[in-house]
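One structure is given here, and the rest of the page talks about it.
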Amino acid sequence: MTLIDISRPLRSGVPTWPGDTPFHYEVVWSKEQSGSVNVGKLTMSIHTGTHVDAPFHFDNEGRKMIDLSPELYVGLARVIDVSGKASIGAKDLAALPLAGVTRLLLRTASWTNPDEFPAEITYLEEDLGPFLAEKGIRLIGVDVPSVDPLDSKVLSAHHSLHAHDIHILEGIDLERVAPGDYELMALPLPLVDSDGSPVRAVLRPLSATD
Ligand SMILES: N[C@@H](CC(=O)c1ccccc1NC=O)C(=O)O
Ligand SMILES: [Zn+2]
Ligand SMILES: [Zn+2]
């Protein structure tokens, strides 16, 4: 099957939010010790690399990861290029044909060095919640660590999207992806109490028959 991997590799030193839990993997029970298998242990923040947010991330009363339907994260998605802008609002998407699109992935190209946490990113404006909902969009994906400005505490875009039942996929890598329509697969883990989940996000070109 032809798949384009749009996930950021998870390895020691992968950029995290300043002050957040560093990514760490280690074998805690080696094949020599156990006599049969290597057994790993993983420590990481939910918001490192390619991940989805659950509403509980920014709303104490919000739904947790287990409460969100996996169906949102699999299906037809449109990739559009919105690079070169400081922010994206309804005015920037108004001229685009979005009829029938339920998952929209924005290529901002504003995370220029994937080995470092960005200093500044293209962020989403508050008016995208109502605008995208009116178009029938249920999931928005971005190639940056957040849909809001990195220093935002009010998280207007997160709240506006959530208020309109639009789910959030962050940290995808669209560097080598051409704009167009694909099948997205970005399933979160069934984490019962979690504010989100890391995902392996892939795109399948619609023309692929294998
Ligand atoms: N809103 C961001 C995460 C975020 O804001 C954050 C993640 C980890 C540690 C601190 C964070 N924000 C601090 O103000 C996100 O949705 O991934
Ligand atoms: Zn997040
Ligand atoms: Zn977020």
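One is the number of the first residue; the rest follow in order along the sequence. In each ligand, atom 1 is the first atom listed, and ligand 1 is the first ligand listed. Not measured: the values here are computed from a predicted model.
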Quick test of your reading: applying side chain to side chain donor-acceptor pair (under 3.5 Å), list the pairs with at least one residue in residues 146-156, sequence neighbours left out, ordered by first then second residue. D148-H158

How would you list, by chain and number, every residue that makes a side-chain hydrogen bond (donor to acceptor under 3.5 Å, both in side chains) with D127, sequence neighbours excluded? none

The Zn ion (ligand 2) has as its nearest N, O or S atom from H51 the atom NE2

Do the charged groups of R107 and D143 touch, with an N to O distance under 4.0 Å? no

For L96 and V101, what are the C-alpha separation, side-chain angles and deciding distance, and is it a side-chain contact (heavy atoms from CB on, under 4.5 Å)? CA-CA 11 Å; L96 294 170; V101 176; over 6 Å; no

Within the 3.5 Å criterion, strictly below it, is a donor on E125 or S87 matched to an acceptor on the partner's side chain? yes

In Å, rounded to the nearest 0.5 Å, how long is the span from NE2 of H167 to CD1 of I137? 14.5 Å

Using heavy atoms and a strict 4.0 Å limit, residues surrounding ligand 1 turn out to be W17, D20, H47, H51, D53, H57, P145, S146, K153, H158, E170

Closest approach of A201 and I172, non-hydrogen atoms and distance? CB-CG2, 4.3 Å

For a quick test of reading the model, state the closest non-hydrogen atom pair linking R8 to D173 and the distance between them. NH2-CA, 4.0 Å

Kindly determine whether H47 and D53 satisfy side-chain hydrogen bond (donor to acceptor under 3.5 Å, both in side chains), including the steps that lead there. CA-CA 8 Å; H47 302 276; D53 289 350; 3.2 Å; yes

Around the Zn ion (ligand 3), how many protein N, O or S atoms are there at under 2.8 Å? 4

Do L132 and F58 belong to the same hydrophobic cluster, where Ile, Leu, Val, Met, Phe, Trp and Tyr are linked whenever their side-chain heavy atoms lie under 4.5 Å apart, directly or via other members? yes

